[in-house]
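Just so we're on the same page: letters track the sequence lines, and every chain starts at 1.
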Protein chains: 2
Amino acid sequence: MPARDGAAPGPVRRATIKDVAEAAGVSRSTASRALTGRGYVGLGVRERVQHAAEGLGYVPDATARHLKQQVSRSIGVLVSDLRNSFYADLAAGISQQARRRGYTMMLADDNGSAADEVAAAERFVALRVAGVVVTPVAPDVVAYLSRHRVPLVEVDRQFGEGASDAVLVDNKHASRRVTEHLIGLGHRRIALLIDEMEWTTGRERHAGYEEACRAAGLPLEESLVVAARWDAGAARAAAADLLRRPDPPTAIFAANNLLAEAVWRAAADLGVRLPDDLSLASFDDAPWMSMVTPQVTAVEQDAVALGETAVTRLLERIEAAQAPPRTVMLGARVLQRGSTGPPPARAAVRSGSAGAGA
Amino acid sequence: MPARDGAAPGPVRRATIKDVAEAAGVSRSTASRALTGRGYVGLGVRERVQHAAEGLGYVPDATARHLKQQVSRSIGVLVSDLRNSFYADLAAGISQQARRRGYTMMLADDNGSAADEVAAAERFVALRVAGVVVTPVAPDVVAYLSRHRVPLVEVDRQFGEGASDAVLVDNKHASRRVTEHLIGLGHRRIALLIDEMEWTTGRERHAGYEEACRAAGLPLEESLVVAARWDAGAARAAAADLLRRPDPPTAIFAANNLLAEAVWRAAADLGVRLPDDLSLASFDDAPWMSMVTPQVTAVEQDAVALGETAVTRLLERIEAAQAPPRTVMLGARVLQRGSTGPPPARAAVRSGSAGAGA
DNA sequence: CTGAAAGCGCTTACAG
DNA sequence: CTGAAAGCGCTTACAG
């Protein structure tokens with residue numbers, strides 16, 4: 001119930017506990033005790049104070065309280081790109097869980113820049129957040145926050161291995177299962193289009209892919225693994241290059257939703273039909289993948305759960321600062337959909353297909 | 001440059017300005033002046049203090065500073081659903097612009113609940129944010145924040161008409177243009193699938209639709225305007241009902257991206273082909289709309305720009321608390337794509353098409 | 001059961 | 001040019 005509807009315009013100055021105390025005819029100490037519920041206070045008094053507070057539209061200053069108590073009820077969150085549905089879902093999960101636990105979320109979007117990331121972390125330290133959840137783009141942010149003794153949880157990928165908490169997806173296993181699915185369909189030339197292979201995500205996804213290939217006795221052809229970094233245009237060009245080769249792969253495993261989009265568009269540009277000419281599988285499901293025809297086979301990560309778990313872990317860490325770091329690994333389901341099917345009968349034949357594309 | 005890499009583990013207690021002052025051999029006042037740059041300080045002294053601060057990994061406590069200065073450098077942001085790309089893009093724009101202007105963003109997701117929204121606003125007031133940007137779901141939050149004299153900008157829709165600032169899209173005009181586009185293609189039975197018509201968004205989009213119909217001399221058939229609220233399942237059912245009528249519309253204008261998705265899926269369920277059997281246009285473009293075949297004709301809102309503009313407006317408001325409220329109206333482009341085409345030759349004929357659907 | 005006093009970390013007139 | 005003092009709004013032992 002948001003205070004009373006003041007008929008007259010409220011005071012220009014915001015009401016403080018001093019105002020409440022005076023209105024109720026008690027000391028600030030007593031007013032504080034009445035309002036917070038800690039410490040004794042006479043029966044009538046409590047009500048009198050609460051009434052006065054309501055009448056004044058008093059909202060305690062959380063910053064002043066935190067300054068005195070030296071504990072904060074906000075957490076800092078640092079993601080790479082809110083416009084990507086993965087990070088947006090992650091932020092949604094974090095926000096929900098934080099609210100449930102009584103915390104406020106400060107959110108910064110670092111555009112994938114390591115410098116912006118550290119700058120945002122500094123701001124979080126200045127604001128004395130209780131802890132930080134981050135999808136790091138470089139080790140710097142982890143080092144910085146650790147040095148400042150800020151409770152920290154890395155999500156999705158990890159740079160502080162063994163030194164900080166993390167909530168990750170079982171990348172290697174999910175990646176292996178997707179590759180096995182493709183092999184099971186009969187593919188023997190499977191390309192992996194990936195952003196990079198230094199981060200834990202890239203490393204593990206690549207490892208899962210290789211494991212599956214090796215287990216099936218497929219040769220590991222270097223040219224089938226393409227690292228396209230983070231530029232959408234470059235990724236699309238890389239996908240097109242792959243498809244225009246004299247010996248194109250019959251399947252492409254795209255290591256994230258952006259790369260899958262790049263392959264999808266490149267295939268459309270070149271008139272390559274899914275799944276007849278090419279099978280496509282994606283790590284990370286995105287809304288469009290179940291809207292298109294055929295739908296795209298994908299690893300469903302449940303980014304919302306990832307975010308919720310990260311907050312839970314962070315609050316545990318805040319409670320027990322000395323406990324050894326822990327990495328929580330979440331499973332992921334492979335959603336088999338229409339974009340993956342058996343390879344073309346005579347794969348080698350499909351060569352110079354439709355238009356040359358842009 | 002994030003402090004030095006301390007070889008020994010840092011102190012358990014965070015360094016304060018007192019520590020810095022002692023290390024530099026000056027008073028706290030002088031240390032403060034040296035660090036903030038306000039007020040005189042001797043030449044050698046400034047360097048000595050800065051050096052000491054760096055050595056201690058000193059990060060000023062922003063909450064303490066704000067308590068003293070009574071001004072805050074954070075803004076509160078309240079959106080309805082981060083998982084919807086519209087709100088995610090909006091938040092991305094707000095976050096970027098806030099960072100550029102030196103502000104931190106506190107973000108809350110209210111799940112479309114008016115109660116959650118007010119609760120989050122209370123938290124923002126407690127944290128003494130400099131201002132709030134909100135996509136309101138009910139008038140309550142606007143009333144609450146106004147009563148507490150918190151600078152406020154409403155985005156996308158507006159409840160505090162004439163009383164608070166707003167950044168809106170020109171809903172009526174864009175809606176009219178989309179409808180005209182459909183009429184131009186030859187459609188005469190155009191349905192409007194909308195969430196509700198009490199908010200400014202719904203009201204204006206509906207008005208634009210009616211204006212275009214009226215101008216073209218089309219009868220305003222009540223049964224062609226369907227308000228489906230916010231449940232995805234219900235929206236899909238409503239869309240299916242529309243399509244299964246004995247006298248189905250030849251075009252549907254969906255008033256947001258979720259409703260467009262509902263129509264898209266319902267059409268697929270029923271084997272209704274776009275644009276041959278049905279034309280579909282959407283208010284608000286979403287990533288999937290340019291991935292599917294045919295692509296979906298949509299009003300492109302540029303949610304990122306909406307967010308950036310809202311922050312700019314909010315900071316202006318903070319500067320000039322007394323200035324009269326202003327509403328900024330942003331244009332929107334109609335992206336004509338493949339989902340809209342001429343109506344079927346003999347519309348009435350297409351009746352009991354494929355499967356009955358769920 | 002209540003109030004005076006101290007103090008969280010900072011900044012800012014004001015003496016000197 | 002510098003430092004002692006006051007104060008932002010709150011909470012919390014501690015006397016009484």
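For Ser74(B), the side chain to side chain contact (heavy atoms under 4.5 Å, CB included) test picks out Ser72(B), Thr104(B), Met106(B), with sequence neighbours left out. Remark: Arg326(B) pairs with Glu316(B) by the salt bridge (Lys or Arg N to Asp or Glu O under 4.0 Å) rule, at least two apart or across chains. Listed by chain and number, the residues in a side-chain hydrogen bond (donor to acceptor under 3.5 Å, both in side chains) with Ser164(B) are Glu154(B) (sequence neighbours excluded). With sequence neighbours excluded, the residues satisfying salt bridge (Lys or Arg N to Asp or Glu O under 4.0 Å) with Asp19(B) are Arg13(B). For Pro325(B), the side chain to side chain contact (heavy atoms under 4.5 Å, CB included) partners at least two apart in sequence or on another chain are Asp165(B), Arg317(B). Looking at residues two or more places apart in sequence or on another chain, you find no side-chain hydrogen bond (donor to acceptor under 3.5 Å, both in side chains) involving Thr201(A).
In the displayed structure, Glu47(B) atom CD is contacted under 6.0 Å by at most 12 heavy atoms of other residues, nucleotides or ligands.
In terms of position along DNA chain D, the nucleotide closest to Val41(B) lies nearer the 5' end than the nucleotide closest to the other residue of the pair Val41(B) and Gln69(B).
Listed by first and then second residue, the salt bridge (Lys or Arg N to Asp or Glu O under 4.0 Å) pairs that reach into residues 125-137 of chain A are Arg128(A)-Asp61(B), sequence neighbours excluded. Listed by first and then second residue, the salt bridge (Lys or Arg N to Asp or Glu O under 4.0 Å) pairs involving residues 87-106 of chain B are Arg83(A)-Asp89(B), Asp116(A)-Arg99(B), Arg100(B)-Glu308(B) (not counting sequence neighbours). Sorted by first and then second residue, the salt bridge (Lys or Arg N to Asp or Glu O under 4.0 Å) pairs with a member in residues 22-43 of chain A form an empty list; sequence neighbours excluded.
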Bracket notation of DNA chain D in which parentheses pair within the strand, [ ] cross earlier pairs, and | pairs with another strand (Watson-Crick or G-U, under 3.5 Å) = |||.||||||||.|||
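Near DNA chain D, meaning a heavy atom under 4.0 Å away, the residues from residues 22-36 of chain B are Val26(B), Ser27(B), Ser29(B), Thr30(B), Arg33(B).
Along DNA chain C, read 5' to 3', the first and last nucleotides having any atom under 4.0 Å from a heavy atom of chain A are dC1(C) to dG9(C).
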